[in-house]
Every structure is written in structure tokens, then in C-alpha cells.
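No hydrogens, no waters, no symmetry mates; every other heavy atom, side chains included, goes into these values.
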Amino acid sequence: MTTMTTISRPAQPARTTIRRRSDLDDKLADRAKLAAFAATIGAARTSLKRDTCGDWLLSGLTGHISTDGAALYAYVACSGLRAWTNVKARLSFATLTQDGDDEGALRLDRQLTSDEAETLRTTLRIRKTRPVSDQALKALTIARQRIERSPCYEAR
């Protein structure tokens with residue numbers, strides 16, 4: 001006589017991620033800290049993004065700036081050894097924490113001067129914010145309102 005055993009599967013997979021209120025508060029504090037830093041270096045608001053883990057960072061084309069709650073860290077990825085050597089020399093005002101062949105991480109320990117902030121932003125290739133005058137802002141608002149009143153406009 002043969003016996004058959006059946007294996008029942010749960011209707012939904014078990015959740016592995018547990019979020020605590022303190023984790024969410026930490027992420028909000030990180031976002032606020034990075035937003036303030038973005039304003040000091042003149043970065044565009046659209047450069048403030050989340051990574052795959054949900055942590056906030058200032059994203060650039062060759063690197064990003066993140067925080068651990070206490071300090072800010074700049075991660076830079078270069079195309080080669082010479083480029084990384086030049087970046088380390090250019091960002092000598094930051095403390096080198098990880099030194100790879102063509103990439104690394106630097107800790108930003110203190111307030112940056114305007115020249116250092118510009119150097120950091122251009123090295124990481126973070127978009128710069130564009131100043132908009134009051135007259136240009138008023139013209140953009142009028143144009144947007146005109147488009148919204150158009151019969152061809154569909155709200156999303």
C-alpha cells in the first residue's frame with residue numbers, strides 16, 4: 001500500500017521586512033539632512049532619490065552622497081586608476097574611508113566652502129539647480145494654466 005503526502009503552501013509568502021517606526025523616522029531625518037546639504041552645494045531637487053534599499057541619497061552620474069545618520073559620505077566610481085587618483089587629489093578636503101582600484105568612499109566631516117561644494121558637485125556630476133526669476137516663474141505659471149484650460153488637455 002502506498003501513501004501519498006501532500007504539501008500545502010501558504011496562500012501568501014511570509015514577509016521578511018519588518019519596518020519599525022524608528023527606521024522610518026531615521027529615513028525622514030536622512031532625507032532632511034541630504035535636502036539641506038543639496039541646498040548648500042546647489043544641487044537640483046530632482047537629484048535627491050531613493051536607492052534600491054529605500055535609503056535616500058543625492059545621485060550624480062559618477063557617484064552619490066549618502067548619510068549614516070551622523071556623517072555624509074561621497075561614493076565615487078571612476079573609469080580607471082588615473083581618474084580615481086585625480087579625484088582623490090581634487091577631493092582632498094574629505095577623509096578617504098574606502099580606497100579601491102577605481103572607486104572609493106570619502107567622508108565629509110565639516111562644512112564645505114563654496115569652492116569645495118562646487119568641486120564636489122561637479123566631480124560627482126550632480127545636476128545644478130537653475131535659478132528662476134520671478135518674471136520667468138510668472139510666465140511659466142500662466143503658460144501652465146493656459147494648457148490646463150485647453151480642450152485637448154487631459155488631467156492625469
Side-chain angles (χ1 to χ4, degrees), residues 9-144 147-148 155-156:
R9 294 186 183 191
Q12 291 182 339
R15 290 191 161 189
T16 57
T17 305
I18 299 173
R19 291 196 176 200
R20 294 182 175 86
R21 173 55 75 188
S22 61
D23 294 340
L24 298 175
D25 291 343
D26 290 344
K27 289 186 189 262
L28 289 174
D30 290 347
R31 184 186 190 285
K33 186 171 191 169
L34 286 170
F37 187 73
T40 61
I41 65 171
R45 290 187 310 188
T46 56
S47 62
L48 186 61
K49 300 178 181 180
R50 286 181 180 246
D51 64 0
T52 56
C53 298
D55 295 330
W56 289 98
L57 51 89
L58 280 173
S59 178
L61 292 176
T62 59
H64 64 265
I65 299 172
S66 60
T67 182
D68 64 353
L72 292 168
Y73 292 90
Y75 168 77
V76 186
C78 298
S79 58
L81 181 62
R82 179 176 279 178
W84 172 235
T85 304
N86 291 336
V87 165
K88 287 190 288 187
R90 205 174 312 133
L91 299 178
S92 61
F93 55 86
T95 306
L96 185 66
T97 57
Q98 292 180 353
D99 190 7
D101 291 337
D102 58 355
E103 64 183 359
L106 302 121
R107 186 175 58 241
L108 305 168
D109 295 328
R110 58 179 175 80
Q111 288 281 29
L112 303 179
T113 65
S114 60
D115 291 337
E116 291 171 346
E118 180 71 19
T119 302
L120 178 67
R121 193 186 54 71
T122 56
T123 302
L124 296 177
R125 295 180 63 192
I126 297 174
R127 278 191 52 219
K128 185 177 181 180
T129 186
R130 292 186 343 190
V132 179
S133 67
D134 291 337
Q135 184 180 7
L137 186 61
K138 186 176 180 180
L140 287 171
T141 304
I142 291 170
R144 181 179 44 97
I147 289 171
E148 289 175 354
R156 293 182 187 189

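A salt bridge between R50 and D55 is absent, with no side-chain N of the basic residue lying under 4.0 Å from a carboxylate O of the acidic one. Remark: R121 does not engage E116 in a salt bridge, criterion side-chain N to carboxylate O under 4.0 Å.
A search for salt bridge (charged side-chain N to carboxylate O under 4.0 Å, His left out) contacts involving R45 returns nothing, not counting sequence neighbours. Every residue two or more places apart in sequence or in another chain was checked for a side chain to side chain donor-acceptor pair (under 3.5 Å) with R125, and none qualifies. Applying the side chain to side chain donor-acceptor pair (under 3.5 Å) rule to Q98 yields no partners; only residues at least two apart in sequence or on another chain are considered. Looking at residues two or more places apart in sequence or on another chain, you find no side chain to side chain donor-acceptor pair (under 3.5 Å) involving R82. Shown here are the side chain to side chain donor-acceptor pair (under 3.5 Å) partners of S133, two or more places apart in sequence or in another chain: there are none.
Rounding to the nearest 0.5 angstrom, the gap separating the CG atom in L72 from the CG atom in L34 is 6.0 Å. Expressed to the nearest 0.5 Å, how far NZ of K49 lies from CG of D51 amounts to 12.0 Å. Interatomic distance, NZ of K33 versus CG of L28, reported as 14.5 Å (0.5 Å rounding). To the nearest 0.5 Å, atom CD1 of residue I41 and atom OG of residue S47 are 7.0 Å apart. Between the CG atom of L61 and the CG atom of L124 there is a distance of 10.0 Å, given to the nearest 0.5 Å. Distance check: Q111 CD to L108 CG gives 10.5 Å after rounding to the nearest 0.5 Å.
Minimum interatomic distance between A71 and T67 (heavy atoms only, all atoms of both residues): O-OG1, 2.9 Å. Taking each heavy atom of G69 and D30 in turn, the nearest pair found is CA-OD1, 3.7 Å. Residues W56 and K27 come closest through the heavy atom pair CD1-O, 3.4 Å. The minimum heavy-atom distance linking A74 with L120 is given by the pair CB-CD1, 4.2 Å.
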Let me check something: any side-chain donor-acceptor pairs from residues 99-107 under 3.5 Å, sequence neighbours excluded? List them with distances.
unit_1	atom_1	unit_2	atom_2	d
D99	OD1	W84	NE1	2.7
D99	OD1	K88	NZ	3.3
D99	OD2	K88	NZ	3.2
E103	OE1	Y75	OH	2.3
R107	NE	D109	OD1	2.6

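Between the side chains of R90 and T119, no donor N or O sits under 3.5 Å from an acceptor N or O.
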Item to check | side chain to side chain contact (heavy atoms under 4.5 Å, CB included) between I65 and I126, intermediate numbers included | outcome: CA-CA 10 Å; I65 299 172; I126 297 174; 4.0 Å; yes
Item to check | Residues T62, T123; criterion side chain to side chain contact (heavy atoms under 4.5 Å, CB included); working and verdict | outcome: CA-CA 8 Å; T62 59; T123 302; 5.6 Å; no
Next on the checklist: Does Y73 form a side chain to side chain contact (heavy atoms under 4.5 Å, CB included) with D68? I'd like the steps, not just the answer.
Outcome noted: CA-CA 8 Å; Y73 292 90; D68 64 353; 3.5 Å; yes
